[in-house]
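Each chain gets a letter, A, B and so on, in the order its sequence line appears, and its residues count up from 1.
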Number of protein chains: 2
Amino acid sequence: MSDLLERLRGRGWRLTSQRRVVAEVLDGDHVHLTADEVHARAVRRLPEISRATVYNALGELVALGEVVEVTTDGRAKRYDPNAHHPHQHLVCSGCGLIRDVHPDGDPLAVLPAAQRFGFAVAGADITYRGLCPDCA
Amino acid sequence: MSDLLERLRGRGWRLTSQRRVVAEVLDGDHVHLTADEVHARAVRRLPEISRATVYNALGELVALGEVVEVTTDGRAKRYDPNAHHPHQHLVCSGCGLIRDVHPDGDPLAVLPAAQRFGFAVAGADITYRGLCPDCA
DNA sequence: ATCTTGACTTGGACTGGGTCCATCGTAGGA
DNA sequence: TCCTACGATGGACCCAGTCCAAGTCAAGAT
């Protein structure tokens, strides 16, 4: 965490109390919060922080590659701080629970050249869907 | 297409001109329109059709398994009539172009039991990302 | 061919998620 | 400690989608 703040400062990020709080809220590798959830938690530490500031900070963290956006449904985007370990997501169709998962092999390997249509394919986002133990 | 309308009628779908037009607009296997795009095209054939009706019809087609919803970004959902041939999507990060693709093997096979956390995993949605020939 | 009725359509209000912007505040270099 | 450009604020605004009360009509019954 403090190394995150260090990295950001090293990249010229001006370190404000608001940005610090947003980064702290996202601390922990297995969190998948919406922007509003991040805002709600940030407000507990810094009551005046605005929604716009949370959106700005999240957008910057994504642009800097420190956080990844996850869209598992058509609803609110979720922000995943586990950005330095490539992974995929397993989502419960019942309750929406999200787990980070690591499938075997390279996801791009299964897409043959003939199926790439001349694209320079750079990555793959996989969402596995099913029922979690509690919902089954 | 007419077989689609037949299938729907067989399932008790009341066949209105609005529903017929929505189904016709979605005809073709490689179309990925947003609800508003479907509405815009439907209006050309049936000027009074309302947005709410298009949303209703699309929702019903999805519930009946005739169309699948595709969410490749956090923006508007897209509706894909190619529902009877399982496939994945390849999306251009530049212009948003979407192609249906067929990766090798079963996408679920690469998720080992130890990575399933007790979930009853039922499916996987894969979005391959890269630049299309025009954008590269 | 007409009637009847419950399913369908309409459009306008409303909601949730997100962005924009003019103004104010402040981190951090000089 | 002072300056100033970068960041924060909150309220207006936008887009995608849902809801609802009232009107319409497909299709089975007569």
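Salt bridge status for A:R41 with A:E24: absent, with no side-chain N to carboxylate O gap under 4.0 Å.
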Protein proximity profile, nucleotides 6-17 of chain D - base contact B, sugar-phosphate-only contact S, no contact -, cut-off 4.0 Å on heavy atoms:
BSSBB-----SB
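Listed by chain and number, the hydrophobic cluster partners of B:V91 are B:I98, where partners are ILVMFWY side chains within reach of under 4.5 Å, directly or through others.
When ring centroids are compared, A:H85 and A:H102 stay outside the 6.0 Å threshold.
Between the NE2 atom of B:H39 and the C1' atom of C:dT10 there is a distance of 10 Å, given to the nearest Å. Nucleotide C:dT9 holds its C1' atom 14 Å from the CG atom of B:L15, rounded to whole Å.
A:S17 is linked by a side-chain hydrogen bond (donor to acceptor under 3.5 Å, both in side chains) to nothing, counting only residues two or more places apart in sequence or in another chain.
Checked by atom type, the side-chain pair A:H89/A:D80 shows a donor-acceptor distance below 3.5 Å.
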